[in-house]
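Working notes, structure below.
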Number of protein chains: 2
Amino acid sequence: MKGIPPATVNRLPLYLRCLAECDTQTVSSERLADLAKVNSAKVRKDLSFLGSYGTRGVGYDVAHLTYQIERAMGLTKDWAVAIVGIGNLGSALAAYGGFSEKGFAVLGLFDSDPAKIGTSVGGRKVEALSKLEDAVKKRGLSIGVVTTPASAAQEVADRLTAAGITSILNFAPTVLHVPDGVSVRRVDLSTELQICSYYLNSVSAPT
Amino acid sequence: MKGIPPATVNRLPLYLRCLAECDTQTVSSERLADLAKVNSAKVRKDLSFLGSYGTRGVGYDVAHLTYQIERAMGLTKDWAVAIVGIGNLGSALAAYGGFSEKGFAVLGLFDSDPAKIGTSVGGRKVEALSKLEDAVKKRGLSIGVVTTPASAAQEVADRLTAAGITSILNFAPTVLHVPDGVSVRRVDLSTELQICSYYLNSVSAPT
DNA sequence: AACTGTGAAGAGTTTCACAGCG
DNA sequence: CGCTGTGAAACTCTTCACAGTT
């Protein structure tokens with residue numbers, strides 16, 4: 001919509017977390033920076049992309065700034081999420097309370113394993129993968145979370161995109177190839193450990 | 001050690017994944033770039049920080065390049081990992097095979113809940129949190145994975161660092177404050193969804 | 001001929017430093 | 001005075017383009 005730089009978009013949710021921890025009515029860029037462990041000039045630059053919501057000499061109103069970040073991130077409307085692949089990780093995500101906070105509703109759990117279909121995970125029944133397309137349309141699912149094994153992930157991504165999903169959060173340890181206009185975020189747990197390993201060797205600090 | 005740029009360090013594990021998918025003996029930067037969905041000049045720049053391991057006119061030897069990336073990332077030695085907080089996510093990680101691949105051994109599962117202590121998760125017994133310090137020393141644990149609720153995460157991080165851990169992978173939805181010399185990587189599942197939300201609104205592509 | 005390795009240009013990001021407002 | 005908002009400087013990262021090697 002407006003064109004917030006990607007680096008800033010990545011940090012706005014971090015500020016939301018820190019704002020939630022504030023018990024004061026206003027917060028300065030310095031204090032928010034301490035909480036978020038970033039530089040205070042960066043906080044001010046980041047927030048300036050949203051507009052001028054601070055008060056000079058005072059700081060930012062916590063409630064108002066929270067609202068403005070949520071608005072800029074598109075968190076004022078509710079998003080329906082599908083989780084595909086109900087193994088250990090998929091089940092954990094389905095049951096994770098933090099997922100359903102802040103306007104995300106898990107409205108579909110899918111798996112191809114007949115033994116899992118019909119079982120209840122996090123208060124919701126697991127459905128057959130064949131129900132995916134229909135559910136995307138009927139329930140307005142807009143984000144697909146892929147927690148299948150690597151071998152199944154591409155096929156699932158193909159079906160998600162064919163059904164009209166334009167945003168995928170991929171936990172499968174593989175790179176998904178999707179059409180233009182579909183955005184994929186990759187979260188690879190073993191990649192994260194490998195990066196930890198690098199910084200264990202060299203004593204320097206990470207980013 | 002050598003000083004590989006952070007952006008490159010973040011991508012090297014991605015190349016490892018793509019190299020594992022190669023069935024040919026050699027691979028060109030162009031092909032590796034296709035697999036990893038990045039620009040081929042970026043692949044060549046990234047790999048050039050490791051040394052000159054390509055052959056002009058041919059490409060990179062898959063096995064040799066894999067080894068060189070593993071060496072640069074510190075993956076040729078084994079790292080012992082502790083998981084603290086054996087809830088849904090901690091259990092999923094403990095059971096996740098991909099975690100134990102590539103030289104990571106989960107050698108400690110800790111929780112403060114007496115009901116969980118002594119139960120078996122992913123073939124390993126959950127221990128009392130009070131055993132943490134002793135285990136770090138005796139088993140040479142070097143990476144701490146924090147999967148506790150946000151409220152317990154800072155205390156756990158304090159204990160991990162006091163025990164000598166210098167690398168933390170934090171899944172708790174909070175910012176950890178640690179002494180200099182300790183590196184923390186934050187993986188926040190709900191942050192990831194929020195970023196998806198932003199790119200759903202604006203039709204533009206993410207990073 | 002095919003492909004790497006890399007200087008140099010370009011884009012994006014961070015940080016500084018301070019003018020300007022409350 | 002304290003703190004925001006922002007130009008400008010500094011730095012990092014990406015991409016181009018091509019010389020150089022096999």
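Quick note: numbers below take in every heavy atom, side chains included, and nothing from hydrogens, waters or symmetry partners. Numbered from 1 within each chain, the chains take letters A, B, ... in sequence-line order.
Using a 4.0 Å cut-off, some side-chain N or O of A/S29 falls inside it from OP1 or OP2 of D/dT4. At the phosphate of D/dG5, OP1 or OP2 sits under 4.0 Å from a side-chain N or O atom of A/Y60. For the OP1/OP2 pair of C/dC3 and a distance below 4.0 Å, the side-chain nitrogens and oxygens of B/S28 include no atom meeting the criterion.
B/I4 places its CD1 atom 16 Å from the P atom of D/dT12, with the value rounded to the nearest Å. B/E30 places its CD atom 15 Å from the P atom of C/dG5, with the value rounded to the nearest Å. Per the geometry, OH belonging to A/Y15 stands 13 Å off P belonging to D/dT4, to the nearest Å. Rounded to an integer number of Å, the gap from CG of B/L47 to C1' of C/dC3 is 13 Å. As rounded to whole Å, 14 Å separates atom C1' of D/dT4 from atom CG of A/D46. For the pair B/D61 CG and C/dC3 P, the computed distance is 15 Å after rounding to whole Å. Going from atom NE2 of A/H64 over to atom C1' of D/dT4 covers 15 Å, rounded to whole Å. Computed from coordinates, the A/L50 CG to D/dT6 P distance equals 12 Å when rounded to whole Å.
A side-chain donor-acceptor contact under 3.5 Å links A/T8 and A/D46. At a cut-off of 3.5 Å, with distance as the only test, a side-chain donor of B/S29 or B/R44 sits close to an acceptor on the other residue.
Residue B/S48 places its side chain closer to C/dT6 than to any other of D/dC3, C/dT4, C/dT6. Set against D/dG5, C/dT14, D/dC3, the side chain of A/R11 has C/dT14 as its closest nucleotide.
Across all strands shown, B/R31 has no heavy atoms under 4.0 Å from either base or sugar-phosphate atoms.
Looking at B/K138 and B/E127, no side-chain N of the basic residue comes within less than 4.0 Å of a carboxylate O on the acidic one, giving no salt bridge. The pair A/R139-A/D134 fails the salt-bridge criterion, with no side-chain N (NZ, NE, NH1 or NH2) lying under 4.0 Å from an Asp/Glu carboxylate O.
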Protein-proximity profile, nucleotides 15-22 of chain C, B/S/- by nucleotide at the 4.0 Å heavy-atom cutoff, equals BBB-BBBS

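More than 12 non-hydrogen atoms from other residues, nucleotides or ligands lie less than 6.0 angstrom from NZ of A/K37.
In this structure, the side chain of B/T147 engages the main chain of B/G85 through a donor-acceptor pair within 3.5 Å.
The distance from the CE atom of B/M73 to the CD atom of A/Q194 is 6.0 Å, given to the nearest 0.5 Å.
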